[in-house]
Each structure stands twice: as C-alpha cells, then as structure tokens.
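Reading through the structure tokens given below for one structure.
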Amino acid sequence: MQSVNYKTVDTLVLNTLRPPTLGWYILFGIILLCLAVGVSCWTYQILNGIGSSAKSNPVNWGVYITTFVFWVGIAHSGTLISAVLYLFRAKFRMPIYRIAEAMTVFAVITAGLFPIIHLGRPWTFYWLLPYPNQMALWPNFRSPLLWDVFAVTTYLTISSVFFYVGLLPDIATARDQAQSKFRKLLYSIASLGWRGDAEKWKHYASAYLLFAAFATPLVVSVHSVVSWDFAVSVIPGWHATIFPPYFVAGAIFSGVAMVLTLIIPLRAVYKLHPLIRAEHFDAMSKLTLVTSCIVGFAYVTEFYTAWWSKNPFERFQFWFRPTGDLALGFWIMFVCNVVLPQLLWIKKLRTHIGFLFVLSIFINIGMWFERYNIILQSLYRDYLPSAWGHYNFSWVELGILLGSFGWFGMWMMLFIKFFPSVAITEIKEILPVPKRHEDDSH
Amino acid sequence: MTVIKSFDNRLVISVFSYVDDLLRAYTLLKERGFELRVYSPCPIPDIEEHVANFWSPVRVFTAAGAVLGLIGGFALAILTSLDWPLRTSAKAVVSVPGFVVVGYELTILLGGLATLLGLFFLTRVPQIFNRDIGYKPEFSSNKFGLVFKCSKDELKDVYEILRTSNAEDIEVRDRI
C-alpha cells in the first residue's frame, strides 16, 4: 500500500457515502421488490396455515431450515475474517473485513427469521426463551434446538458488538468530514462522541483484541451447534461425528464466496482498486480453494463411512443421494462446491475478477444445495419404505427464499450508503507511519 | 480530563503531520511538567510506547463477565431442570455434558458484553453532546494533535518548543 496515505484512504472510503446514484436506487428498488414478495408470501402462510409450504410427513424440515442453515453459514466467515485473521495478523483482511462483518450481522438477522417462519404459529417463538411463566415451565436444556437458540443469539450479539466497536472510529472520521447537517448528527450519535486520543486507543486496542479472542471460539461453535441439530438425531445421513468440522468448513467456504459476491461490485462501483487489490483476491481465492478441498473431502468421507459402517440404511441413503429422485441437487452441489473451485489452482484465475464473481455465485448456489441434500434427502428416505415421502417446493417457500435475499440485500445496501464499508482506521494502521526522518524510526 | 477553572490558563492545540515531530514536542513539554493529550487517526505503536504505556484494565471487566456467564449458564440450566424435573430421552435431569453448551455460550456472551461495558467506562463514551474543546476534525483524518493547558507566562516557551518541533499549526484558546 505504498501509493496510499491517510488522506487518500479517507477520500476513497468516504466517497462511498456520497448521495445515492440512479443505479443505486434501481438496484435498491429491485431488492425491495424481492423483499415485498417474501413478506407477501409469509403473510399468506400466516393467514392460510403452515400447509401453504410443502412441508409434510416425513419431510418436516424443508426449504425454511435449509435456508436457515445456509444463512448461518454465510454469516460464519465474517467472524473468521474479522476475528481469526486479526489474531493471526493477516494483513489481507484489512480492506475486506468490514464488509464481511456487515455480511455476518445481516446474514444472522436473516437466518434468525427462518426458524420463526418455519413455526406453524410464529407468534409463539418466545417459548424457546427461558423465562418464568405462569405454568412454571422451562425449556429443555438437553435439546440441541435450544443450544441453537443460545448459539445463534450469542453469535448475533457478539458479532454485532464486534462490528460496532470496529466501526466507532470510522464513524467518527465520517462525522468529522460530513458536509450535511443530517449526516453530521447521524454520525455524532452513532460514533458516541468518539475522539481518538492515545489513552482511548490503548483501551480500544485491548478491548478489540479481547473481542477477537471471544469471537474466535464462536467461529467453531456456532456451526458446530447447528450441525448437532442433525448429528444428535438418528436419521440416516445425519448421525455422523464428521458433521461439526464439515459444517464449519462449509460455512467458511460459503461465507468467503459471499464476501467475493459483495466486494467485487463494491470495488468496481466505488473505484476502491487502490485499497482492494489483486493480492487480496488471491488470498481469498486460496481460502476458497482450501475450504472447497475440505468440503470435498468431507463429502467423500461421508460416502466412505456409510460404506464402511455396513449399515444398510446409511448405505442406501448415500446411494440414493447421487442416483435418486433428488439427484440433481446432489450434482449441482458437487459441481459447484468441489469441481468448479478447483480452477483456482490456476494463478491467473485467482485474480480474474469476472471469473471470481461468477464462481462465487455458483458456490453460493452449491452451498444452498448442500443443505438441501442433507436435510431433504435424509428425511425423504429414512428407514421404513412405508414412511417415505415426497417433497415438492411450494411457491410460498420459494417466495420467502427470494424475500430473504431481499431482506439481506436491503440491509447491505443501506449499510454501504450510510457507513464506511471499508475499515478506515485499520487500513491506516498497516500504512507506513508518517515520519519526517525515516532514519529515526524505531 | 481535568478542567482548570482559572481564567489565567490557556489551551494550546498544536497540529503535526509527522509522528516523530509530535513525539519530540511531547518529550520536551513532558519534561517541563505539562499534562498532555495526544490525538492520532489510528493507534500508533510509537505513540503508545511514549504516551500510553500502561496496562489497560479492560480485561478485568472481560474476566468478570466471563466468569459470571459461566456460572450463570450452568446455574440456569441446572436450576431450571431441577425446577421442572422431566426426564427426556433417558438422560439424567441434570445432564452436565448437554449444559456445557449453555455455559460456554453464556461465558462468551457475558464476557463480550462486559468488555463493551469496560471499554465504554474507561474511554468515557458515550459523550455525544459533550464537546471536546481541544479536538480538531483533522485528528481523525491525517494529522496528529498535541493538546495541553499552560499559563499565560509559559506561552513563550511553549511556542518555541512547538515551533522547533515543526508544529504545523498552533492555536491558543483563552480563558478556559
């Protein structure tokens, strides 16, 4: 970053906060339309009952839980990039971690909606929370579903706090350079009156390190806990000890892909090329490739353990996945998540922006289908043929799935327009310290 | 920040472009016994070494929150299970392995929230409408600030030190 100095970082990043263009309004309009479709479909489902979805016996977990796991997975890599890579002092995280953190918070908010949508009576969702009630009932703390409530709530809270604390000094920079009264007031309130003196920076750096240290175990725990929703049961294809690492690797894989999907247009529209450069894409591509290989290894291991177990139900399930009624989903997953990312072994493609953008979308599709395979295929064909069933997507489910992208996109678009989407302070930290006499440097 | 009420005092706000200039001025003024405040756009190790070389107690808040979360998480799961002793899936009413998740999550949750509380307490934020009269907007951009109080009689000396340390701008505010 030799060609960039403190002032140019401010100029480049604060440029993203300029009044929206026509293109922004058009894209925002499309996103709101998707959200409106989702809201309408959910309203329809509430009015007409959960039968409006395609859920039936035995496939009681359908598109909603698939999409819940998908969004939790997307949320995952934000914390990896912001916290884990911070502890490892990986400098390539600096220009991308803010957008990854924003993605984490908004993806968890999106994910959190789906267990509620999945409920037949969504207004009773608070029954999951441990609160004193007139029937003296408490939730069952031995249930993985309750662990999930704690894991996702903690993840949302800590990710939001980590995100906001990271934003504080950058909002203060935006406040100090804001032109309009509205923005000045907005940033004054949002920055909580932050002014960076040496004493404050000392406490801030200590606190930030502690947040990173606390967020790091969450990278491992959240998706591990989500995987126990499945692994603790006895359904063929679910009852596997490989699930926690398999889910964590898959989550990081999908999250990095989503960061690429978001950061590539952001960089192009706001001309952030001096900050987000080829080496950052190269590093993210390598992370994508590594996690793709782990995910591919997990897929193969699942088949191997099913064969090795000599359990006829396990063997049938894993034979059914690539050859049965829902085989198309399996092959979409396999091609998108394992085959296509292997192209990243080619160095030129690791920094080819157009290729990375298209690949990231394929990976996102592939990762949605991974959860589709795990959830739907196992429930579709479990033990007794008399208990087998079918699943046909309903338009209500597809509308809500589309709406989730609208909901997520709406928050992302608003965030990019109102708050610095690249970390100003942390980029300044990795720039050479301005000194008149370089020889005097320590 | 100590607010000196005497009308004899002046607030000096000096602006620097380079860290080594700022630290030279800081050292000279510190030797003369001034209480100094240093602003920078981001944390700078050299400044921290000279100006804020102390142990931040924010981790005490973190540890307290984490311990409280750990105890609270297990207590919540154990006491509520004993309050409603329903045996499910042949598991013991108090199933410690299952409760580890609750204890673990609440350790992180309360540890994180306590860290936030500690940060706010130690940095004295929020102070949204409390104006810091020694602060300039460029201190969050690309300039470094050295702010201190001095008496009218000391001004000449102070000017000299700041000028020889290449301060770009020196502003003196009267009657603080």
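Hydrogens, waters and symmetry mates play no part in the numbers below; they use all other heavy atoms, side chains included. In what follows, every chain begins at residue 1, and chains take the letters A, B, ... in the order their sequences are listed.
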Determine, for [X] against [Y], whether the closest basic-nitrogen to carboxylate-oxygen distance falls under 4.0 angstrom.
{"X": "B:Arg37", "Y": "A:Asp197", "answer": "yes"}
{"X": "B:Glu154", "Y": "B:Lys152", "answer": "no"}
{"X": "A:Asp10", "Y": "A:Lys7", "answer": "no"}
{"X": "B:Lys143", "Y": "B:Glu168", "answer": "yes"}
{"X": "A:Lys435", "Y": "B:Asp20", "answer": "no"}

Count the heavy-atom pairs under 4.5 Å between each of [options] and chain A, then report the option with the highest count.
{"options": "B:Asp83, B:Val101, B:Asn142", "result": "B:Val101"}
{"options": "B:Leu110, B:Ile78, B:Val19", "result": "B:Val19"}
{"options": "B:Leu22, B:Thr88, B:Val147, B:Ile47", "result": "B:Thr88"}
{"options": "B:Thr107, B:Val51, B:Asn53, B:Val125", "result": "B:Val125"}
{"options": "B:Ser95, B:Ser40, B:Ala77", "result": "B:Ser40"}
{"options": "B:Ala66, B:Gly112, B:Ser81", "result": "B:Gly112"}

Is it the case that the side chain of [X] and the backbone of [Y] share a donor-acceptor pair, with hydrogens and angles ignored and the cut-off at 3.5 Å?
{"X": "A:Ser233", "Y": "A:Phe230", "value": "yes"}
{"X": "A:Tyr164", "Y": "A:Ala190", "value": "yes"}
{"X": "B:Ser14", "Y": "B:Leu146", "value": "yes"}
{"X": "B:Arg59", "Y": "A:Ala207", "value": "no"}

Would you mind telling me which of [options] has the largest number of heavy-atom pairs within less than 4.5 Å of chain B?
{"options": "A:Lys200, A:Arg142, A:Lys428", "result": "A:Arg142"}
{"options": "A:Tyr6, A:Trp138, A:Trp228", "result": "A:Trp138"}
{"options": "A:Leu218, A:Asp176, A:Leu209", "result": "A:Asp176"}
{"options": "A:Ser191, A:Ala172, A:Ala151, A:Ala213", "result": "A:Ala151"}
{"options": "A:Ala215, A:Pro130, A:Ala205, A:Ala198", "result": "A:Ala198"}
{"options": "A:Ile158, A:Thr157, A:Val232", "result": "A:Ile158"}

Counting only heavy atoms closer than 4.5 Å, note whether [X] contacts chain A via side chain, backbone, both or neither.
{"X": "B:Ile108", "result": "both"}
{"X": "B:Glu48", "result": "side chain"}
{"X": "B:Ser17", "result": "backbone"}
{"X": "B:Tyr104", "result": "side chain"}
{"X": "B:Ala63", "result": "neither"}
{"X": "B:Phe139", "result": "neither"}

Sort A:Gln177 into side chain, backbone, both or neither according to what part of it lies under 4.5 angstrom from a heavy atom of chain B.
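Contact with chain B is through the side chain of A:Gln177 alone.
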Portion of A:Pro144 that has a non-hydrogen atom of chain B nearer than 4.5 angstrom
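Neither part.
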Cut-off 3.5 Å, side chains only: do B:Thr115 and B:Thr62 have a donor facing an acceptor?
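Checked: B:Thr115/B:Thr62 side chains pair up, N/O donor to acceptor below 3.5 Å.
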Establish, for the pair A:Arg93 and A:Tyr97, whether the NZ or CZ atom is under 6.0 angstrom from the six-membered ring centre and no further than 45 degrees off its axis.
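A:Arg93 over A:Tyr97 ring: yes.
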Hey, does the Lys NZ or Arg CZ of B:Arg124 hover above the aromatic six-ring of B:Phe120, less than 6.0 Å from the centre and inside 45° of the axis?
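B:Arg124 over B:Phe120 ring: no.
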